[in-house]
Every structure is written in C-alpha cells, then in structure tokens.
Amino acid sequence: MDLPDFGIPPRLAQRMSMAEQHEYLRTKLTRRRTLVTAGAMAGGLLTGCSTRASSTAGPSSATSVHGSAAAPFGRHLAFGADPRTQMRISWQVPLAVRKPYVRVGTRPDGLGHRIEAELRDLHTPGQTGVRLALDQYYLHAALDGLLPGTTYYYGVGHEGFDPADAAHRATVTSFRTAPASPERFVFTAFGDQGVGTAAAANDNLLLRQKPAFHLHAGDICYADANGRGRTSDGYDPGFWDLFLKQNEEVARSVPWMVTTGNHDMEAWYSPDGYGGQLARWSLPESGFDPRSAPGAYSFTYGNVGVVALDANDVSYEIPANFGHTDGKQTKWLDRRLGELRAAADVDFVVVCFHHCAYSTSSHASDGGVRAEWLPLFEKHQVDLVINGHNHVYERTDAIRGGEVGRPVPVGGATDPTRDGIVYVTAGGGGRDLYGFPAGVKESYEGHVHDHESVETFQWTRSQQPRKETVEWSRVRYRGFSLLSVAAESGPRPRLTVSALAQNGERIDHFEVRRGA
C-alpha cells in the first residue's frame, strides 16, 4: 500500500513555527493512524523517541531474529558533565535487540565490567514517491566514576552478540578520560560535515591531530536537505545511518561534541524538531534543560571551559525555532559564562554554535546572534568563538563593540581582555563549499592579500538582509578545512589556533593570551 504524503504545503509552512507544524502534522497523522507501519506505537511516532529499560527492551519488528544478526555500528562518544570521570557511549543497531550493554575495562582482554544500555528508537513514516518508512534503534550507556587520565577499553553488545567472544573481539576499541590537570592538549572543530568523500577525508585529517575531543558546530549529516525547519523540507533519515558509519572510525575513540544547526531541526519528531537529536546523542547534562535544547551544554577540559549553544533559538535568518526557549538559554549562558570566568582552574572560555556572528560568505552574519549573545561574550571576555553555517573558513580580527579592536594577521596574537574576541567560521567540514562576495579575494597563509573592506550583509529581525561594509574579515579560504586548537597551561597559558586545509597544509594560525 502506498503511504500518503504527510507534509505541510510549503506556503502554509512558511507562516508556521516548528511547534505549529508539529501540531498540524500530529493531527494529520492521528486521522491516518491505520496507515502507520505495523509495530510502531503512536506515542513513539509522535514524540520521536521512546525510551525503554534495557532489561525489558525487545524487538518491535514483527519478526524476531537472533542477536548475532544485528551487528552494532556507528559508535560515538561524548563526555558527561565531567570529562575526567564520565563518558557516554552511543551506537546503533539495525534491528531492535534484547539486553544491550557495554563491556569496559582497563585492558583489552579484561572487559569484566558490564553496564546496561538504554534503547531509544525512532520511527519515520514514509512519503509517497519520496521515501519508505524507517525504524532506527539507538543505544546509550553512561559510564560514571571513571579514573582521570586513564585509557579504557570497551565493546558494545546485546543478547546474542558479545564483544568478549573471539568472533567479535576485533570490535573492541578504547578511549581516554581527561587528565586531572593536563599541561597541553589539542581539540579540533568544524561544522557542516554531511556524508561523502570530503567529509571522510576531514575525518582522516582530524585523527592525525590526535585531539582530546572534537567540536562539531552543527549541520551534522544533512538528513534534512533544506534546513528551514519545516515538515515540507526534503528528509531522508537513512543519511544518519551513513553518517554514523562514516564517522565511527573517529567518533568511537574521540568524544564527538555536537551542537545544533538549522539542518538538524527535524520537524517529524517533536514540536521543536529535536526528538531525533535526543534519540541519537547523549550529551552533557550541565545546567540547561537538555530536552529543551539538547545542543546547549557546557564542560571543562583542563584549563578550557567549553560552552555549546543552540543558535536556532536566536536566529533571525531561519526563524523556525526563534525564541523557543523563551530566553532561558540566554539567561543560562550569562550565568554559565560567569561561572567559568570565575573558576580558578579555567584560563580560557571557548563558545561553539552554528549560525555566524561574523561572516561575509553566503549566509553572512546573523543579527539575532549579535543582538542576544555578543554583549554577553564581551561582558565575560570570551576568548574564542567557533561557528559553522557558511561552508568556508573565515576568521576575523579581534572585535570589540562591533568594531576592530585589534588587527590579528596570520601568525599574530591577541589578548581578549584588551583587544576583543576573534570569531572563526569553520564551515569547511565536508559539505559542498560556498564562496565570498564578488571581487573579494581569498587571503590565507602563503597567499595573503592586502587587507580590504568587504561589502556583505547581516540578517535582520524582519528576515531581510541589511547591507554593511566591514573591515573585520582578516582570513578567507574557500576549501575543506578544520580547526586545530592547542591549549597550554602553566605560568603563560595560551591557545594556539591553527586552520588546516584538507591536505594538511596550514592556512591560518594565531595565538590567544590573556593579560599578555
């Protein structure tokens, strides 16, 4: 039987918020519930995420198969609130399984400790001529009470698939908890990755940096192709299977700390479009409501405090979720930045989110981000801001009060207590690349051009672009790339920020030193 088209007419969707679209969709689905595929519970369909205790979780498909036929894939790690003692292990299985778990130990042949996992499943209804219905099964295990600075080996399994068995021992891998006080460590960052050759090549480059963790600035896999937060967006949940398989080589050992982009609002699953994200990721529960904005959280690694934000909440350009936290995320941000800046063991504060505060590429700058968050960044003297959204690498001078506080050429240094904040667009993670305004040259290490004014624009509350001429665009590179940041503590703490092209060549570098 063909399934009906459950989408909202595009003209109607343009006038509706995410919550209104979800209510429309839910009402429509309720009237046609008999067409939902067998085995999918209405509650799971409407919320997008049904959580069941691992000891009772069983196959929801009509035909049960032996657990050995359901090989785990797509392993990915994330820190808990304390990276020294907490790790979250997530993975996927092709079918519902019984009694999922993680085996863990400090030796690859000593996985004696067994921790039960939680099953979160998603059902995506089919659309005539577009896609078939799809059930997806995600598993999550919380590891707490770990030892700092320790390598742990782990394997994931379920009834019928034991990673300790000789047949599956090759699936065992490892991670390392944060040391109590590292003197130096590296983390990487990019956004806008997707699935494909360029995305996989960036993963390989990332592994060569040996990072302690990776920040993903949103637009993760592009299952939602349009990125407007509408149920009429083209959507294929199978892209998540491809993405998690592609990234497993990295994310199984490097904590993959994601935040939320516009392409990550998937209106099929929940009023805010985040039901899919809640099913697929386990991220730190560190002060802000994870169900309201799962991409907003914070953690501290060594001397660096990291804050991830959900910029859909403040975006003027793409307003589907504008104001969906009723200002609570911004209040939390103010409080959290104050706490980090007051912490004796935190030298640097890094903020990561999707929509750009400052960029001259296709999406340009988001006035909502500037209006809501930049005053807080300056109030608390944030040291580095990392964005995605524009599929290029672009880096500003130090900006203070909306103007250039200090030029920061390639190889330069800046002091946020005096000069202002450097904003980096690291959107070359693998998705098709953008460009810069007509006549504007690329300018990067080895190919530096004279500094020039750039004609660009920012998005306004009326969703109309407003032209602006800017002086802050210092480095521009149109190519796949990633950010590599080395953090050092001691008597002269510093961040050494480098941008690397996909071939490993450095295209930019600068230092951040407080009170230098």
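Numbers for residues simply follow the sequence, beginning at 1. Hydrogens, waters and symmetry mates play no part in the numbers below; they use all other heavy atoms, side chains included.
- With respect to the salt-bridge test (charged N to carboxylate O, under 4.0 angstrom), the residues E403 and R400 do not qualify.
- Aromatic ring orientation, F175 versus Y152: parallel (interplanar angle below 30°, classes split at 30° and 60°).
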Query raised in the report: Checking side-chain hydrogen bond (donor to acceptor under 3.5 Å, both in side chains) for the pair E317/H363: CA distance, chi angles, key distance, verdict?
Result: CA-CA 8 Å; E317 179 195 5; H363 288 291; 2.6 Å; yes
Query raised in the report: Given the rule in the side-chain hydrogen bond (donor to acceptor under 3.5 Å, both in side chains) test, do W373 and T330 qualify, once you have shown the distances and angles that lead to the verdict?
Result: CA-CA 7 Å; W373 291 346; T330 299; 3.1 Å; yes
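- Partners of H324 according to the ring pair (Phe, Tyr, Trp, His ring centres under 6.0 Å) rule, which considers only residues two or more places apart in sequence or in another chain, are Y274.
- The residue from L215, D219, D264, L283 that alone fulfils the side chain to side chain contact (heavy atoms under 4.5 Å, CB included) condition with V258 is L283.
- Applying the ring pair (Phe, Tyr, Trp, His ring centres under 6.0 Å) test to Y222 and every residue at least two apart in sequence or in another chain returns H263.
- The minimum heavy-atom distance linking E249 with S253 is given by the pair O-OG, 4.3 Å.
- Ion pairing between a basic and an acidic side chain is recognised when a charged N comes within 4.0 Å of a carboxylate O; D289 and R291 show no such pairing.
- Residue pairs meeting the side-chain hydrogen bond (donor to acceptor under 3.5 Å, both in side chains) criterion with at least one partner in residues 168-180, sequence neighbours excluded, are T151-R176.
- Listed by first then second residue, pairs satisfying side-chain hydrogen bond (donor to acceptor under 3.5 Å, both in side chains) with a partner in residues 336-347 read S298-R336, N303-D347, R336-E339, R341-D383, not counting sequence neighbours.
- The aromatic rings of F185 and F213 are tilted relative to each other, their planes meeting at an angle between 30° and 60°.
- Every pair tested for salt bridge (charged side-chain N to carboxylate O under 4.0 Å, His left out) that includes a residue from residues 201-214 fails, sequence neighbours excluded, so the list is empty.
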Query - side-chain contact (heavy atoms from CB on, under 4.5 Å) between Q92 and D241, worked out - result: CA-CA 8 Å; Q92 191 173 351; D241 299 355; 2.7 Å; yes
**Report entry** From CA spacing to verdict: ring pair (Phe, Tyr, Trp, His ring centres under 6.0 Å), Y477, H447
**Finding:** CA-CA 10 Å; Y477 175 74; H447 299 80; 8.7 Å; no
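- Under the 4.0 Å criterion applied to side-chain N and carboxylate O atoms, D415 and R513 are not assigned as salt-bridge partners.
- Listed by chain and residue number, Q502 satisfy the side chain to side chain contact (heavy atoms under 4.5 Å, CB included) test with A201 (two or more places apart in sequence, or in another chain).
- Shown are F190, F79, Y301, F187; of these, the ring pair (Phe, Tyr, Trp, His ring centres under 6.0 Å) with H214 is made only by F190.
- Between L384 and F510 there is a side-chain heavy-atom pair separated by less than 4.5 Å.
- Residues A142 and I115 share a closest heavy-atom pair of O-CG2, 3.9 Å.
- Ion pair E445/R506 flagged as a salt bridge, since at least one NZ, NE, NH1 or NH2 atom sits closer than 4.0 Å to an Asp/Glu carboxylate oxygen.
- Ionic pairing of D82 and R84 is present here: one or more N-O contacts between side-chain nitrogen and carboxylate oxygen are shorter than 4.0 angstrom.
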